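Notes to accompany the following structure.
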There are 2 protein chains.
Amino acid sequence: MFSKACEYGIKAMIYIAQQEVGQRVGLKQIAQVTESPEAFTAKTLQILARNGVLVSFKGPTGGFSLSKDSSKINLAQIVKAIDGEEIFTGCGLGLEKCDASRPCPVHFKFASVRDGLSLMLHSTSLKELADGLDAGTVFLTQ
Amino acid sequence: MFSKACEYGIKAMIYIAQQEVGQRVGLKQIAQVTESPEAFTAKTLQILARNGVLVSFKGPTGGFSLSKDSSKINLAQIVKAIDGEEIFTGCGLGLEKCDASRPCPVHFKFASVRDGLSLMLHSTSLKELADGLDAGTVFLTQ
DNA sequence: GGTTTAAAAGACAATTTGGTCCTTATTAAA
DNA sequence: TTTAATAAGGACCAAATTGTCTTTTAAACC
Ligand code: FES
Ligand code: FES
């Protein structure tokens with residue numbers, strides 16, 4: 001469904017969202033808590049920083065923090081930054097363009113599922129996910 | 001969402017389902033109509049044949065035909081044969097096992113979308129897709 | 001039986017994705 | 001001002017996916 005980079009990116013963002021506002025978290029810690037490969041996660045965080053959902057700081061006391069309140073960042077922004085728009089708008093059978101005026105055989109059934117996914121991603125904020133972690137009802141690892 | 005192999009496989013199956021019962025279609029024709037790479041499509045059809053949704057015949061008058069009525073084959077069987085079960089049961093954040101008793105942060109939202117996709121795939125038969133093609137309301141290419 | 005046709009099988013190549021490592025740039029603190 | 005810490009960037013490697021090509025196997029037809 002999502003790329004590995006995207007999975008790592010989402011987990012990292014949720015963990016960062018758990019910190020108190022403005023607090024920075026280092027790459028090493030992020031990779032450890034999310035059980036993600038450190039160097040590869042670094043690349044992904046760079047992408048997220050370039051896309052403006054994350055800010056990064058070098059040097060001692062450096063690290064990463066959210067660019068805005070966790071309630072203002074949703075999963076769709078993260079997925080779009082890392083995996084692109086394909087999953088939001090692409091054809092289920094790989095036609096160059098999903099077009100309701102020249103639909104592929106699965107278009108209507110697929111588009112409705114795909115739009116459901118899109119709605120879910122757009123309507124899920126980092127805040128609620130981090131809150132679940134705080135409450136201990138959900139987990140970042142197994 | 002689906003692999004290229006799976007996209008080609010689904011398109012091929014729909015086209016085969018369009019033929020009259022028992023009628024065989026050759027690889028070349030399938031690849032042409034679906035605009036898929038011939039040799040790669042061949043591999044995919046082999047997988048589908050091994051998985052029993054397709055039967056193949058060698059020699060002159062050879063080709064492929066469905067192993068049973070097109071109303072008895074659904075998209076889930078095809079996707080499962082080619083891409084495996086990951087998409088039906090896998091965790092949205094890549095945890096080894098999606099487990100409601102130790103859910104990841106996106107579990108409940110993701111699982112509902114994923115189950116919607118699964119339901120769609122299980123409840124969509126090749127027959128209805130081929131019927132759409134026959135009716136000229138949908139298309140295999142752009 | 002020999003010839004032709006078409007799928008199966010397997011080797012191989014190209015591309016994309018996933019992942020590591022090393023150097024550089026930047027910043028805080030001693 | 002030097003040193004240490006940390007992210008950025010780029011080169012590189014590994015694995016999976018996508019794709020091609022050649023040989024083998026099976027079947028029809030003469
Ligand atoms: S055209 Fe294929 S999903 Fe819309
Ligand atoms: S545990 Fe992640 S989706 Fe179920």
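The structure presented is a predicted model; accordingly, all values stated were derived computationally and were not measured. Worth knowing before you read on, the calculation uses all heavy atoms, side chains too, and leaves out hydrogens, waters and symmetry mates. Letters go in sequence order (proteins before strands), and every chain restarts at 1.
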Are A/Gln46 and D/dA7 close enough that a side-chain N or O sits under 4.0 Å from OP1 or OP2? no
Between [X] ([atom1]) and [N] ([atom2]), how many Å, whole number?
X: B/Phe2; N: D/dT18; atom1: CZ; atom2: C1'; answer: 18 Å
X: B/Lys43; N: D/dG19; atom1: NZ; atom2: C1'; answer: 10 Å
X: B/Leu27; N: D/dC21; atom1: CG; atom2: C1'; answer: 14 Å
X: A/Lys4; N: D/dA16; atom1: NZ; atom2: C1'; answer: 13 Å
X: A/Ile47; N: D/dG9; atom1: CD1; atom2: C1'; answer: 13 Å
X: A/Ile30; N: D/dA7; atom1: CD1; atom2: C1'; answer: 11 Å
X: B/Ile82; N: D/dT17; atom1: CD1; atom2: P; answer: 13 Å

Within the side chain of [X], is there an N or O that forms a donor-acceptor pair under 3.5 Å with the backbone of [Y]?
X: A/Asp83; Y: A/Val79; answer: no
X: B/Asn74; Y: B/Ala76; answer: yes
X: A/Arg102; Y: B/Thr141; answer: yes

Closest heavy-atom contact between B/Leu140 and B/Lys11?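 Closest heavy-atom pair between B/Leu140 and B/Lys11: O-CD, 3.6 Å.
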Does A/Phe88 belong to the same Ile/Leu/Val/Met/Phe/Trp/Tyr cluster as B/Phe110, with side-chain heavy atoms less than 4.5 Å apart forming each link?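 Yes; B/Phe110 is reachable from A/Phe88 via cluster members.
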Do the side chains of B/Tyr8 and B/Phe64 join up, straight or via other hydrophobic residues, at under 4.5 Å, putting them in one cluster?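 No, no single cluster joins them.
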Looking for any heavy atom pair under 4.0 Å, which part of the strands does B/Lys28 touch: base, sugar-phosphate only, or nothing? nothing
Can you see whether A/Gln142 engages B/Asp99 through a side-chain donor-acceptor pair at a distance of less than 3.5 angstrom? no
For the residue pair B/Lys4 and B/Phe40, would you count it as a cation-pi contact if the rule is NZ or CZ under 6.0 angstrom from the ring centre and within 45 degrees of the ring axis? no
Relative to A/Phe57, does A/Arg24 satisfy both conditions: NZ or CZ under 6.0 angstrom from the six-membered ring centre, and within 45 degrees of the ring's axis?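 Judged by the rule, A/Arg24 and A/Phe57 form a cation-pi pair.
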Could you say whether B/Gly26 or A/Phe40 is positioned toward the 5' end of DNA chain C, judged by the nucleotide with the nearest heavy atom to each?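 Mapping each residue to its closest nucleotide by heavy atoms, the 5'-most match is B/Gly26.
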Please identify the 5'-most and 3'-most nucleotides of DNA chain C with any atom under 4.0 angstrom from a heavy atom of chain A.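 Contact span on the strand: C/dG18 to C/dA29.
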Taking only heavy atoms on the protein side, list every residue of residues 49-61 of chain B lying under 4.0 Å from any atom of DNA chain D, sorted numerically.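 Of all residues in residues 49-61 of chain B, the ones placing a heavy atom under 4.0 Å from DNA chain D are B/Lys58, B/Gly59, B/Pro60, B/Thr61.
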